[in-house]
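Note that the coordinates shown come from a computational prediction; the quantities given were computed from them, not determined experimentally.
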Amino acid sequence: MRAAVVAVAAALSPPLALADELGKKVFTSVAQPSCALCHTLEAAGAKGKLGPSLDELKPDEARALKAIKQGVGVMPSYADNLSPEEIAAVARYVAESVR
């Protein structure tokens with residue numbers, strides 16, 4: 001299952017430079033509520049205190065993709081609010097940012 005999720009994410013992911021730009025934009029402002037509101041992510045200049053620090057959690061792309069699509073705990077699902085390309089870009093951005 002995990003391999004399938006990664007394969008789908010890779011197929012939907014734009015090239016890395018575009019994913020960085022789009023992913024950061026989705027993280028900081030496009031997603032509503034914004035990811036930056038709850039999560040800390042140094043690369044995005046985010047200092048959220050409600051959700052876990054992504055710099056500490058260091059999710060891989062598959063884990064980030066699953067959380068964004070399905071939601072986790074109080075974090076909502078963004079599957080109905082973001083395009084598949086936006087979801088793939090923000091998942092990739094988060095994973096690349098915490099390496």
Side-chain angles (χ1 to χ4, degrees):
M1 176 74 171
R2 181 182 162 118
V5 170
V6 172
V8 169
L12 292 175
S13 292
L16 188 55
L18 292 177
D20 282 348
E21 184 178 318
L22 178 59
K24 183 174 184 177
K25 185 175 180 180
V26 172
F27 189 92
T28 58
S29 64
V30 174
Q32 292 301 316
S34 143
C35 308
L37 180 67
C38 296
H39 295 286
T40 296
L41 183 63
E42 185 178 338
K47 298 191 186 308
K49 302 286 186 210
L50 298 174
S53 166
L54 298 175
D55 293 316
E56 293 175 12
L57 190 61
K58 298 187 183 309
D60 63 20
E61 189 171 346
R63 184 175 182 186
L65 187 63
K66 183 177 179 182
I68 295 161
K69 285 183 169 184
Q70 297 177 3
V72 175
V74 297
M75 178 181 156
S77 165
Y78 287 89
D80 293 334
N81 302 318
L82 296 175
S83 72
E85 293 79 17
E86 290 169 327
I87 291 171
V90 74
R92 187 172 183 180
Y93 174 72
V94 167
E96 291 295 322
S97 294
V98 298
R99 281 186 164 186

Novice: Nearest 0.5 Å please: distance from the CG atom of Asp20 over to the CZ atom of Arg92.
Specialist: 8.0 Å

Novice: Just so I know, are the side chains of Arg63 and Leu57 near enough to count as touching, which here means a heavy-atom distance under 4.5 Å?
Specialist: yes

Novice: Judged by atom type as modelled, is there a donor-acceptor pair below 3.5 Å linking the side chain of Tyr78 to the main-chain atoms of Ala67?
Specialist: no

Novice: Are more than 12 heavy atoms from other residues, nucleotides or ligands located less than 6.0 Å from atom NZ of Lys47?
Specialist: no

Novice: If we ignore hydrogens and angles and just use 3.5 Å, is the side chain of Tyr93 paired with the main-chain N or O of Lys25 as donor and acceptor?
Specialist: no

Novice: Please round to the nearest 0.5 Å and tell me the distance separating atom CG of Leu41 and atom OG1 of Thr28.
Specialist: 10.0 Å

Novice: To the nearest 0.5 Å, what is the distance between CG on Leu37 and NZ on Lys49?
Specialist: 12.5 Å

Novice: Above 12 or not: heavy atoms from other molecules or residues under 6.0 Å from CD of Glu42?
Specialist: no

Novice: For residues Ala88 and Glu61, report the shortest heavy-atom separation together with the two atoms involved.
Specialist: O-OE2, 4.4 Å

Novice: So, using side-chain contact (heavy atoms from CB on, under 4.5 Å) as the criterion, who are the partners of Ser83 when residues are at least two apart?
Specialist: Glu85, Glu86

Novice: Between atom CD1 of Ile87 and atom NZ of Lys69, what is the distance when rounded to the nearest 0.5 Å?
Specialist: 6.5 Å

Novice: Looking only at heavy atoms, which two atoms of Ala46 and His39 are closest? And how far apart?
Specialist: CB-O, 3.4 Å

Novice: So Leu82 and Val30, do their side chains get closer than 4.5 Å, heavy atoms only?
Specialist: yes

Novice: Between atom NZ of Lys24 and atom SG of Cys35, what is the distance when rounded to the nearest 0.5 Å?
Specialist: 13.5 Å

Novice: Of all residues at least two apart in sequence or in a different chain, which pass the side-chain contact (heavy atoms from CB on, under 4.5 Å) check with Ser53?
Specialist: Thr40, Asp55, Glu56

Novice: For the atom pair OG (Ser97) and NZ (Lys58), what is the distance rounded to the nearest 0.5 Å?
Specialist: 10.5 Å

